[in-house]
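Written below as structure tokens is the structure these notes are about.
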Amino acid sequence: MGWEDLPTILLEDIFSFLSLTYRYNCSQVCRSWYETFHSPVIWYTLTFDGILFTRKRFHFYRGMERIFNPYRTQFYLSRKGEHLRRLIIKPIIEYNNMCDFLNMLTNFINYRDHDNYPFRYLEEFSFTFYVLISYDNDLNNQNAFMNHYYQESNVFIRGKKRYYGTGGVILQTLRRFISSIRCLKRFHLNNLFLGSDSDIGACLDELIEHSCETLQYIEILNYTSHTIPLYIVGLFSNLNTISISSHSLDENVLLLFANHLIHLYRLNIVQDELTTPCRYPDTVWSEIEIILRENKRQWFIQMSTQGKCKCEPYWPGSPAPVRAIVYNTCSIKVDKTSIYTCMEQYKTTLETYAHLKSMCRVYVPRSFLERADTAYIGAVKTFRYLHTIAIKERISTATCLLIAYYGTRNNLKQFYLRRNCVILRNEYRKYLFNENGDNNEFIHIWLEKNCRKYNQVEDAVTILFGRQWKMLTDWEYNQIRV
């Protein structure tokens, strides 16, 4: 069987990962690939990254630059726009191209009659604004970071950094487009960084008008540059998943979610370098627990740290149903104090604890007393419902064996470990294992036997889990999704 005889399902998956140029080139290979090129499945997702629908032009002062090509966009929308299900706009620095693209989409929709809506299958829209950052304290250079699409300077200063959020014509263009689309199921709006109180509710007011009852998932990250609670999110009655920055919440917003959003199950509280850390009163979690118990509902709260964030989040109080803690960043090292705090607060709820991204940009200690080996062992002992743990920093082979030994006694199912962080060492020769009927002599003999080689460690852990287990390379570790 040759390449031309591949099943259509496989060809559609392969074509969906290609850019428009490569899709067209592949369609010239054979008739089978040509028919796949015209399959609606591969046109479900449109990602505007600043290169698509643009062409190069030489400017006398700025050199080579990319300008928006409306003809290509119009040709694509008229031929393949009816199949669109996901529209993703990535953060791009050419604001003029982004605005022209949004205006083209808006005009394409408004040109049709109300009953002839062109994007009938559009379910998801994702927009992430490119936040410019200035490290110069000289105010005279501020205009160098501004674009002619800004009507007013929207600047937020934090330390020596100056952040430029959206506003002006960019915001108005985005609002016009959101007001023209309808019946969305998933909505992402990130890094608007609004600074004016008059803009609060921008884009969300338009979303309520046409997608209030259909929206099921919403992601609002860094919507404002300072702490402002977003009560408007609680008006989408059919939401089941919310991802939101910590400074967009307060006790009243959380109570609104508990009382009004009867379908809400998953709440992701996200923190990154643009987020202002925010703490909520512990009493609010007790009230939420009572409300959820009365209505026979449960919440799955995930605390996520991502991007270049360098600080730990503020941990909610003990009644909070925190079930997952994920560090998707390379700027934070494992803190034993943080693990012990989680053990005290969430020992009856936590199910996932993961440090992702293998490349660590901080100092990782080699000394056993400075490492978090004992904290990890205490975690798998304490968290009775912990089923997933991912470790990227340095631990010993003996610690790896003990994590698997005590984890399988409880509920541990997935144990991700980066191979390059494991050292061949046993620091527990003088440790007394006498908890819950442990055989101290047997454990010491078992550790000494299996901690001297990597393949022996993998074989021992495989026996404990009852399935094949191995340490992960850096590339494999970066593919983890929890």
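Residues take their numbers from the sequence shown, with the count starting at 1.
Checking Gln271 against Thr305 by side-chain atom types alone, no donor-acceptor pair falls below 3.5 Å. If you check the side chains of Ser338 and Tyr327, you find a donor sitting under 3.5 Å from an acceptor. Under the 3.5 Å distance criterion, with hydrogens and angles disregarded, a donor-acceptor pair is assigned to the side chains of Asp272 and Asn222. In summary, the side chains of Thr54 and Arg66 do present a donor paired with an acceptor at a separation below 3.5 Å, with no hydrogens or angles considered. The closest side-chain donor-acceptor pair between Ser304 and Gln302 falls under 3.5 angstrom. For the residue pair Asn238/Gln216, the side-chain donor-acceptor check at 3.5 Å is not satisfied.
Scanning for ring pair (Phe, Tyr, Trp, His ring centres under 6.0 Å) contacts around Tyr353 gives His355, with sequence neighbours left out. Among residues two or more places apart in sequence or in another chain, the ring pair (Phe, Tyr, Trp, His ring centres under 6.0 Å) test is passed with His263 by none. Applying the ring pair (Phe, Tyr, Trp, His ring centres under 6.0 Å) rule to Phe48 yields the partners Phe101; only residues at least two apart in sequence or on another chain are considered. Every residue meeting the side-chain contact (heavy atoms from CB on, under 4.5 Å) condition with Glu82, not counting sequence neighbours, appears here in chain and number order: Arg120. Scored by the ring pair (Phe, Tyr, Trp, His ring centres under 6.0 Å) test, Tyr217 finds His188 as partners (sequence neighbours excluded).
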Yes or no on side chain to side chain contact (heavy atoms under 4.5 Å, CB included) for Ile391 and Ile389, after CA distance, side-chain angles and deciding distance? CA-CA 7 Å; Ile391 301 175; Ile389 188 171; 4.2 Å; yes

Determine, stepwise, if the pair Val41 / Asp13 fulfils side chain to side chain contact (heavy atoms under 4.5 Å, CB included). CA-CA 8 Å; Val41 177; Asp13 287 342; 5.7 Å; no

Take Arg176 and Asn107, measure what side chain to side chain contact (heavy atoms under 4.5 Å, CB included) needs, and give me the verdict at the end. CA-CA 10 Å; Arg176 282 186 62 236; Asn107 295 332; 3.7 Å; yes

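Tested against Tyr76 for a ring-ring contact (aromatic ring centres under 6.0 Å, His included), the candidates Phe53, Phe108, Tyr71 yield a single pass: Phe53.
Between the side chain of Asn295 and the backbone N or O of Arg297 there is no donor-acceptor pair closer than 3.5 Å. Between the Asn328 side chain and the Leu356 main chain, no donor and acceptor come within less than 3.5 Å of each other.
For the atom pair SG (Cys342) and CE (Met303), the distance works out to 9.0 Å, reported to the nearest 0.5 Å. With rounding to the nearest 0.5 Å, the separation of OH in Tyr121 from OH in Tyr44 is 9.0 Å. Lys90 NZ to Ile92 CD1: the interatomic distance, rounded to the nearest 0.5 Å, is 11.0 Å.
Every pair tested for ring-ring contact (aromatic ring centres under 6.0 Å, His included) that includes a residue from residues 275-315 fails, sequence neighbours excluded, so the list is empty.
For the pair Arg186 and Phe125, the cation-pi criterion (under 6.0 Å, within 45° of the ring axis) is not fulfilled. A cation-pi arrangement is not found for Arg23 relative to Trp33, the charged atom failing to lie both closer than 6.0 Å to the ring centre and inside a 45° cone about the ring normal.
Taking the ring centroids of Trp43 and Phe37, they lie under the 6.0 Å cut-off.
Other residues, nucleotides and ligands contribute only 12 or fewer heavy atoms inside 6.0 Å of the CD atom of Gln74. More than 12 heavy atoms of other shown residues, nucleotides or ligands fall within 6.0 angstrom of atom NZ in Lys357.
Of all heavy-atom pairs between Phe127 and Leu102, the closest is CE1-CD1, 4.5 Å. Of all heavy-atom pairs spanning Thr276 and Ser225, the tightest one is OG1-O, 4.1 Å. Counting all heavy atoms, side chain and backbone alike, Pro281 lies closest to Val284 at O-CG1, 2.9 Å.
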